[in-house]
A.B. asks: 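Structure in structure tokens, see below.
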Amino acid sequence: MSAPRLPREFFTRPTLEVAKDLLGKYLVHEEHGQRLCGMIVETEAYVGREDAASHSYGGRRTGRNEIEYGPGGHVYIYLVYGLHWQLNFVTSVANEPECVLIRALEPVEGVAKMKTYRHTDDPAKLTNGPGKLCQALHLNKSFNGYDLCDKKAKFFVEDRGIEVAAEAVKRGPRIGIDYAGPRWSKIDWRFWIKDNPYVSK
DNA sequence: TGTCCGATATCCT
DNA sequence: GGATATCGGACAT
């Protein structure tokens, strides 16, 4: 029943590789003994200093993004538009402030609970967006800085040995970052599983 | 202390 | 397809 958890070394690799390899892994939040779990089907890479769409562009370092400068395998979560949480995994190697945004999941365990958190019965709308999946797995600011690789972690990523075939991995431009200018809003740093119905639209 | 605005979701027409 | 909700971070004053 207990699949191996992703170790620190998984996260402390080049961010684009981590973003791609997270596809097909299982995100688990054990809450009061109940497992809320979904398979990762869509991610985006935010490559720190050089990336105008990143919070740490140009080495910007503030109270909010301080976590990005810490070790890999930790959670960076913050609020946008006053109401939506964005879940990221820090990949920082050698103090480079980089991370991967989790954009969509396929619900796997604890679906009934997710429905109550999301206030909907439609499984297709449960976790197909960055704000939605945080609401479904009951994630918020209290998880900022959380260590996914701690042995006792209640929130972590499982590897169930599923290999996503290379031809099933699609990539394209990231979403909602036109403000960063064409160079960064057009670069193909978003990854998703081809034809998966839970990828965001 | 004040102003500006966003790595979105939802409701409305 | 378009408007807008809603709030805290960032940065200027």
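Here is how names work: the chains are called A, B, and so on, in the same order as the sequence lines, proteins then strands, and each is numbered from 1.
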A.B. asks: Looking at A/Q135 and A/Y117, would you say the former's side chain and the latter's main chain have a donor-acceptor pair under 3.5 Å?
C.D. replies: yes

A.B. asks: How is A/R190 classified with respect to the nucleic acid when contacts are heavy atoms under 4.0 Å: base, sugar-phosphate, or nothing?
C.D. replies: nothing

A.B. asks: Ring centres under 6.0 Å, that's the criterion: do A/H29 and A/F143 meet it?
C.D. replies: yes

A.B. asks: Dot-bracket for DNA chain B, 5' to 3', counting Watson-Crick or G-U wobble pairs under 3.5 Å, with [ ] for crossing pairs and | for inter-strand pairs?
C.D. replies: ||||||.|||||.

A.B. asks: Can you give one letter per nucleotide of nucleotides 1-12 of chain C, going 5' to 3': B for a protein heavy atom under 4.0 Å from the base, S for sugar-phosphate only, - for none?
C.D. replies: ----BBB-SSS-

A.B. asks: Between A/G176 and A/K125, which is nearer to the 5' end of DNA chain B once each is assigned its nearest nucleotide?
C.D. replies: A/G176

A.B. asks: Would you check if A/F155 and A/V75 make a side-chain contact, meaning some heavy-atom pair closer than 4.5 Å?
C.D. replies: yes

A.B. asks: Give a yes or no on whether the ring-centroid distance for A/H74 and A/F11 is below 6.0 angstrom.
C.D. replies: no

A.B. asks: Would you please confirm or rule out a distance under 4.0 Å between OP1 or OP2 of B/dA9 and any side-chain N or O of A/R103?
C.D. replies: no

A.B. asks: So, A/T127 and A/E106: side-chain donor and acceptor under 3.5 Å apart, yes or no?
C.D. replies: no

A.B. asks: Students often get this wrong, so: under 4.0 angstrom with heavy atoms, is A/I177 touching a base, only sugar-phosphate, or nothing?
C.D. replies: sugar-phosphate

A.B. asks: Under the ring-ring contact (aromatic ring centres under 6.0 Å, His included) test, which residues partner A/Y198, sequence neighbours left out?
C.D. replies: none

A.B. asks: Salt bridge check: are A/R35 and A/E109 linked by an N-O gap of less than 4.0 Å?
C.D. replies: yes

